[in-house]
Protein chains: 2
Amino acid sequence: MTTKNATIRDVAREAKVSVASVSRVLNGTGGVTPATQKIVREVAARLHYVPDNAARSLITGRTNTIGAVLPDLYGEFFSELIRGIDLAARARGLHLLVSSSHDGVDDAAAAVRAMRGRVDGMLILSEYVDAGFLDDNLPANLPAVLLDSPVKSARYPVLNIDNRAGAIAMVQHLIEAGRSHVAFIAGPKTNFDAQQRDKGYRAAMAKYAPDAPLNVVAGDFSEESGYRAGRELLAQKKRPQAVFAANDMMAVGCLYAFKEAGVDVPRDIALAGFDDILIARYVTPPLSTVQVRIADLGRIALDRLAALLDPADTTPASVQTLGCDIVVRETCGGSAKASTPSKRRRPQNT
Amino acid sequence: MTTKNATIRDVAREAKVSVASVSRVLNGTGGVTPATQKIVREVAARLHYVPDNAARSLITGRTNTIGAVLPDLYGEFFSELIRGIDLAARARGLHLLVSSSHDGVDDAAAAVRAMRGRVDGMLILSEYVDAGFLDDNLPANLPAVLLDSPVKSARYPVLNIDNRAGAIAMVQHLIEAGRSHVAFIAGPKTNFDAQQRDKGYRAAMAKYAPDAPLNVVAGDFSEESGYRAGRELLAQKKRPQAVFAANDMMAVGCLYAFKEAGVDVPRDIALAGFDDILIARYVTPPLSTVQVRIADLGRIALDRLAALLDPADTTPASVQTLGCDIVVRETCGGSAKASTPSKRRRPQNT
DNA sequence: AGCTTCCATGAAAACGTTTACGTTTGCGCC
DNA sequence: GGCGCAAACGTAAACGTTTTCATGGAAGCT
């Protein structure tokens, strides 16, 4: 049975109709008698006919595929994002071409270029994209949605996480729990998320604890850098009452530094992170953090892109922002007052 | 500049050569003067010419894309697998069409069907595939590699994780640390990994502690089920000396049950898991577990598939197994003695 | 009945590429 | 200079589909 696959012509011949009619039946374009429809369908089924996508794409100019260009993402973030995108794409009959683990601008550019002609639209998440990047690498007429990006373009919609609001909410919470001296462990300077979280910290301090000193130590999102930051904070002559890390991994590292030094969390110092990675629940004490609904991000991005694909597209490109929730666990010392029950997916596989 | 994209004909006209020559230049097929090559390349660059993939696929019969059909995978497992596949694919100039989050046999079948004609080969990881499934849903001539599957087919190579050997190594380690009464928290009965780990447990017990009682309690891979299993084990009149959970999430749940009951790990009971998820390192005490190199799994699977794509393919389909290493942390109580690299299983393949 | 209208159908063009095959060109050699 | 041969190049077919347009006939209307 390794013979050549049946073509539309085979079906037509066998059903004693023209290829046009076969095409019409199978695409649900109207204009064909129920009787012939039946015959065509029967023959198609019998021959196991499946339309050739290349030929179809060639003539229609559509691939029914969207591309996702992603950086070297970690664990849950990656899987949740893909899940959201994939589900939304499937619901629309779209396929998903993934190119991940890009590091560096050339890498990302190559990925975007390679997708040309294979996809009807693109989802791009990369710290390297800016207006110039897009002009250089994206075909002029290819719709794209940017994720988590600072660019403001009239051509491309952008979908961001509201890092700033999330950071503000968490800092506010810490301050209202009586810890007005909040220190901040910053993330990589070039990282957009990190910048926004930093801004949120400063805004919240200015608003809710204007008399408290600003206290920012460097970090790079790694656990190791969080550990170093933790030690650095302990060495300060006036220790902060709370520490807000720009992400959970640094918070975890910081937590270890505190444990090591015999500093009790949250009694001596409160602690909070950002992202709500799975580990946050499992460190002791469980880490308060800011939750980002990543699957939603993917889903909304894809829906946005799908709207762009529609020729009757009228909505102008804009920047949309997706809020986050703070989830209060034990490290932030505030009584359990605000504890959001975080309903998380259960791991289903090994 | 939203005009139509340049075609090969435009390039040919502009360069004053035939389309054949343009094709030859751009594909690196020989038989064209350096001089004309230069001209063609210049014109192509000037016009931003990019070959249309649909047309190319139509005539060559190849898409340079491989499809990955995956179940509803969690966090690291998913992201690592995709990372391995993606990197290997990129190295070969192949694209990656992903369809994930499939639950149920119909869902998986639809995913496989939908890829028909879009990919040159497929990677399939699904607990629902068997020989019949493949016959029904895969085009006869489409190469495919099965991941983590019990099927033995002459047509499709299979790539498995050596769950059995990993389980044996861990149980052996526990026994040699002086804990011969090892209990096992089983995974879902229908899950292939879980079955293999169960078999490994029994084999190791038979071999290394033939006098100790077999002690298996049910679980379903969830943290919750691990917690319940932990309580169940504590209620036994003769408590086990060690507990081996079929995955890390259950081990974590079990750990909480022990903590809650004031049972010290590892002093009172040793504990080990399987998977080496990120959390394993962060619970207290850090969890001993069996590490699966998932990215390698993806990479090897893709390499295998790529070999199949080669027309000069001669290697017969076979079942290949990827070893795992045990990683000894604190919960298994054996003093650090046994964490010697010599004990760790090395990968059997590149 | 004669006219129009509409619907089902088929023939054929078009999509943009690769490639088999045929033609020209350049060049060395007798 | 004629010949042969290989290299460079061009022509055109082919891939499998969608879609426009033409055609035939049936049905509706006056």
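This structure is a prediction, so every number in the text was calculated from the model and none was measured.
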Round to a whole Å and report the spacing from [atom1] of [X] to [atom2] of [N].
X      : N       : atom1 : atom2 : value
N53(A) : dC15(D) : CG    : P     : 18 Å
Q37(B) : dC9(D)  : CD    : C1'   : 13 Å
D10(B) : dC15(C) : CG    : C1'   : 13 Å
L58(A) : dA13(C) : CG    : P     : 17 Å
I39(B) : dG10(D) : CD1   : P     : 11 Å

Original post:
Looking at CG of L58(A) and CD1 of I59(B), how far apart are the two atoms once the value is rounded to the nearest 0.5 Å?
Top reply: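 Atom-to-atom, L58(A):CG and I59(B):CD1 are 10.5 Å apart.
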Subject >> Approximate separation, where rounding is to 0.5 Å, of L146(A) CG and L159(A) CG >> reply: 10.0 Å
**OP:** Using a 4.0 Å heavy-atom cut-off across all strands, classify S57(A) as base, sugar-phosphate, or nothing.
**Re:** nothing
**OP:** Summarise protein proximity over nucleotides 17-23 of chain C in one line of letters, 5' to 3': B for base, S for sugar-phosphate only, - for none, counting protein heavy atoms closer than 4.0 Å.
**Re:** BBB----
Would you say [Y] and [X] are linked by a side-chain donor-acceptor pair, where the criterion is simply a distance under 3.5 Å?
X       : Y       : result
N160(B) : T321(B) : no
S57(B)  : N53(B)  : no
H102(A) : R90(B)  : yes

Original post:
Do any N or O atoms from the side chain of D86(A) and from the backbone of R83(A) form a donor-acceptor pair under 3.5 angstrom?
Top reply: no
